[in-house]
Amino acid sequence: MALEEYRKKRDFSVTPEPAARTQRRSSNKRIFVVQKHDASRLHYDFRLEIDGVLASWAVPKARQ
């Protein structure tokens with residue numbers, strides 16, 4: 001799904017999630033993101049840049 005189509009479907013005033021930004025980086029460094037996602041069950045999203053795209057995995061919260 002194209003980013004523009006995604007933006008048309010979302011109402012960013014309803015959810016606290018920020019709108020996506022497109023930005024070119026001049027560096028060859030890859031990025032990763034760990035996001036706390038308090039959905040129906042708390043979990044974390046792990047995103048790793050692979051070939052310019054952020055691949056995503058859900059990581060369940062560890063039991064204590």
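Numbers here are sequence positions counted from 1. Scope of the values below: all heavy atoms of this structure, side chains included, with no hydrogens, waters or symmetry mates.
Grouping the Ile, Leu, Val, Met, Phe, Trp and Tyr side chains by contacts below 4.5 angstrom, directly or via other members, places V34 with I50. In this structure, L42 is not a member of the same hydrophobic cluster as V33, with clusters built from ILVMFWY side-chain heavy atoms closer than 4.5 Å.
Closest heavy-atom contact between H43 and A58: CD2-CB, 3.9 Å.
Of the inter-residue distances, the one linking F46 atom CZ with L54 atom CG reads 10.0 Å to the nearest 0.5 angstrom.
With sequence neighbours left out, the side chain to side chain contact (heavy atoms under 4.5 Å, CB included) criterion links K8 to no other residue. The side-chain hydrogen bond (donor to acceptor under 3.5 Å, both in side chains) test applied to S13 returns D11, not counting sequence neighbours.
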Should K36 and D38 be marked as a salt bridge (charged side-chain N to carboxylate O under 4.0 Å, His left out) after you check the CA-CA gap, both sets of side-chain angles, and the distance that decides it? CA-CA 6 Å; K36 184 177 180 179; D38 197 1; over 6 Å; no
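Residues L48 and W57 form a side-chain contact, since some pair of their non-hydrogen atoms from C-beta on lies under 4.5 Å apart.
A donor-acceptor pair is defined here as one N or O able to donate and one able to accept, closer than 3.5 Å; such a pair exists between the side chain of E49 and the backbone of I31.
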